[in-house]
> 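This structure is in structure tokens; I'll ask about it shortly.
The structure presented is a predicted model; accordingly, all values stated were derived computationally and were not measured. Residue numbers start from 1 in every chain, and the chains themselves are labelled A, B, ... in the order their sequence lines are given, proteins ahead of strands.
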Amino acid sequence: MPELPEVESLRLSLIPRIVGSTIQKVRVLMPKLVSSKGTTRTVSNTKVAEFINGLEDTKIVSINRRAKNLIFNLSSGGILLVHLKMTGQLAFKSNKNSHDKAVIGGHPIQESELVLPNKHSYIIMQLDNGSLYYNDVRQFGYLLYFKSLEVFEAEGHFENLGLEPLDQEFIWQDFYTKIKAKTGNIKKLFLDQTVVVGLGNIYADEVLFRAGVLPTRNTNSLTKVEIKKIYEAILVILPKAVNMGGSSVANYIMADGSRGTYAHEHMVYGRGGKECLVCGTILQKTVIASRTTIFCPECQK
DNA sequence: CACTAAACCTGGGAGC
DNA sequence: TGCTCCCAGGTTTAGT
């Protein structure tokens with residue numbers, strides 16, 4: 001899936017298009033997607049009806065993000081929570097036939113040809129100014145409706161999430177303290193979202209490469225200097241990736257179907273067996289927490 | 001507790 | 001052209 005830069009780029013591309021729009025009609029073609037996370041998802045007709053009734057005739061007031069979740073605040077006081085998991089997409093088609101190109105960080109992003117709806121458009125929302133499609137090839141994602149902030153908070157969806165790396169609150173001392181309180185290898189720690197959120201398999205490897213730290217290193221062996229390098233790498237890589245619309249490795253797209261260009265900046269992700277772009281050493285591949293992990297044995301210690 | 005593997009799914013690419 | 005196997009941006013849950 002999209003990691004933080006992709007979810008954030010999607011959010012930024014959605015805001016000018018659908019904040020202020022009213023949801024008129026909702027169609028749920030894949031009922032399990034509106035139900036709670038989990039491995040086997042079964043959904044009652046009542047649950048689907050609650051989802052549809054909660055969203056119809058309500059206005060999208062704002063769109064926020066926590067970790068890799070998108071949070072739509074509705075004029076009714078209700079909340080729509082969207083998680084894209086591996087292959088989710090939110091694509092908007094305007095009623096107007098205009099070519100409206102995505103502009104992220106001041107730079108227009110190249111458009112792709114996206115047919116909407118398509119065979120994986122499983123939830124379709126008709127807005128007053130266009131249509132919003134939730135597509136998801138692998139069907140891992142979910143869209144959850146909560147009738148109020150109180151109900152949403154009571155469910156404790158975000159309770160184990162760590163620091164938001166793009167926030168002002170992401171300060172060095174907090175990061176250092178939190179990381180020192182954990183054990184286990186640093187890559188696994190990034191993937192589990194408990195210290196800092198938003199890094200996934202791509203950005204965990206990219207950050208560790210930039211910081212010069214091996215992904216296999218146990219947190220209790222990391223020096224203060226090394227942790228500082230990791231902290232600084234996060235602060236450089238994530239904003240830059242957002243500015244470039246994220247990494248479109250396979251099917252990640254923004255609201256208008258355009259693709260992000262940060263994949264061109266990848267130093268290690270997807271480059272196992274190739275030469276390190278800094279020192280020329282062959283990049284090594286290993287598996288950590290069941291995920292393919294790429295690193296440079298020379299640049300990372 | 002900590003860690004790993006499986007589960008949820010479809011599709012693209014590699015190799016034969 | 002087609003088959004089989006492996007792999008994929010995430011996260012939860014079952015099993016050791």
> Within 45° of the ring axis of A/Tyr176 and under 6.0 Å from its six-membered ring centre, is that where the NZ or CZ of A/Lys228 lies?
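Judged by the rule, A/Lys228 and A/Tyr176 form no cation-pi pair.
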> Got a sec, which hydrophobics cluster with A/Val278, joining ILVMFWY side chains under 4.5 Å apart, including via others?
A/Phe209, A/Met267, A/Val268, A/Leu277, A/Leu283, A/Ile294
> A/Glu164: what forms a salt bridge (Lys or Arg N to Asp or Glu O under 4.0 Å) with it, not counting sequence neighbours?
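Checked A/Glu164 against salt bridge (Lys or Arg N to Asp or Glu O under 4.0 Å); matches are A/Arg65, A/Arg66.
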> A/Asn251 and A/Thr87: side-chain donor and acceptor closer than 3.5 Å?
no
> By the 4.0 Å heavy-atom rule, please label A/Lys119 as base, sugar-phosphate, or nothing.
sugar-phosphate
> Applying salt bridge (Lys or Arg N to Asp or Glu O under 4.0 Å), name anything that partners A/Lys188, two or more places apart in sequence or on another chain.
A/Asp192
> Rounded to the nearest angstrom, tell me the gap between atom CG in A/Leu70 and atom C1' in C/dG10.
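A/Leu70 atom CG is separated from C/dG10 atom C1' by 14 Å.
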> How would DNA chain B look in dot-bracket form, 5' to 3', counting Watson-Crick and G-U wobble pairs with both distances under 3.5 Å and writing | for bases paired to another strand?
.|||||||.|||||||
> Under 4.0 Å, heavy atoms only, any strand: does A/Asp192 hit a base, just the sugar-phosphate, or nothing?
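The answer is nothing, as A/Asp192 stays clear of every strand by at least 4.0 Å.
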> Give me the distances for all protein-to-nucleotides 6-8 of chain C N/O pairs that come in under 3.5 Å?
residue: C/dA8; atom: OP1; partner: A/Thr292; partner atom: OG1; Å: 2.6
residue: C/dA8; atom: N3; partner: A/Arg138; partner atom: NH1; Å: 3.3

> Atom CG of A/Leu81 to atom C1' of C/dG10: distance rounded to whole Å?
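A/Leu81 atom CG is separated from C/dG10 atom C1' by 14 Å.
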> With a 4.0 Å limit, can you tell me whether A/His83 has a side-chain N or O closer than that to the phosphate oxygens OP1/OP2 of C/dT11?
yes
> Determine: side-chain N/O of A/Gln193 to OP1/OP2 of C/dG10, distance under 4.0 Å, yes or no.
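For C/dG10, OP1/OP2 do not have a side-chain N/O of A/Gln193 under 4.0 Å.
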> Clusters formed by hydrophobic residues whose side-chain heavy atoms approach within less than 4.5 Å: which one holds A/Val236, and what are its other members?
none
> Does the side chain of A/His120 get closer than 4.0 angstrom to OP1 or OP2 of B/dC9 through an N or O atom?
no
> Starting at atom CG of A/Asp205, determine the distance to atom P of C/dG10, rounded to an integer number of angstrom.
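Spelled out: CG on A/Asp205 to P on C/dG10 is 11 Å.
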> Mark this stacking check for A/Phe140 against B/dC8 as yes or no, applying ring centres under 5.5 Å and ring planes under 30°.
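Stacking is present between B/dC8 and A/Phe140, given that their ring centres fall under 5.5 Å apart and the planes under 30°.
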> Can you pull the side-chain hydrogen bond (donor to acceptor under 3.5 Å, both in side chains) pairs that have at least one residue in residues 197-216 of chain A, sequence neighbours excluded?
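Every side-chain hydrogen bond (donor to acceptor under 3.5 Å, both in side chains) pair that includes a residue of residues 197-216 of chain A, provided the two are not neighbours, is A/Glu6-A/Tyr203, A/Lys187-A/Asn201, A/Lys187-A/Asp205, A/Tyr203-A/Ser247.
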> Rounded to the nearest angstrom, tell me the gap between atom CG in A/Asn135 and atom C1' in B/dC9.
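Going from A/Asn135 (CG) to B/dC9 (C1'), I get 15 Å.
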> Taking atom P in both B/dC9 and C/dA14, compute the distance separating them and give it to the nearest angstrom.
15 Å
> Mind calculating the distance between CZ (A/Arg41) and P (B/dA7) to the nearest angstrom?
17 Å
> Using a cut-off of less than 4.0 Å, is there contact between a side-chain N or O of A/Lys68 and OP1 or OP2 of C/dT11?
yes
> With sequence neighbours left out, what residues match A/Arg27 under salt bridge (Lys or Arg N to Asp or Glu O under 4.0 Å)?
none
> A/Tyr142 OH to B/dC9 P: how many Å, rounded?
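Value for this atom pair: 16 Å.
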> Under a single-linkage rule joining Ile, Leu, Val, Met, Phe, Trp and Tyr whose side-chain heavy atoms are separated by less than 4.5 Å, which residues share a cluster with A/Val137?
none
> Tell me the interatomic distance from A/Asp136, atom CG, to C/dG10, atom C1', rounded to whole angstroms.
11 Å
> What's the CD-C1' distance between A/Gln89 and B/dT10, to the nearest Å?
13 Å
> Tell me, do A/Phe190 and A/Val195 make a side-chain contact under 4.5 Å, heavy atoms counted?
no
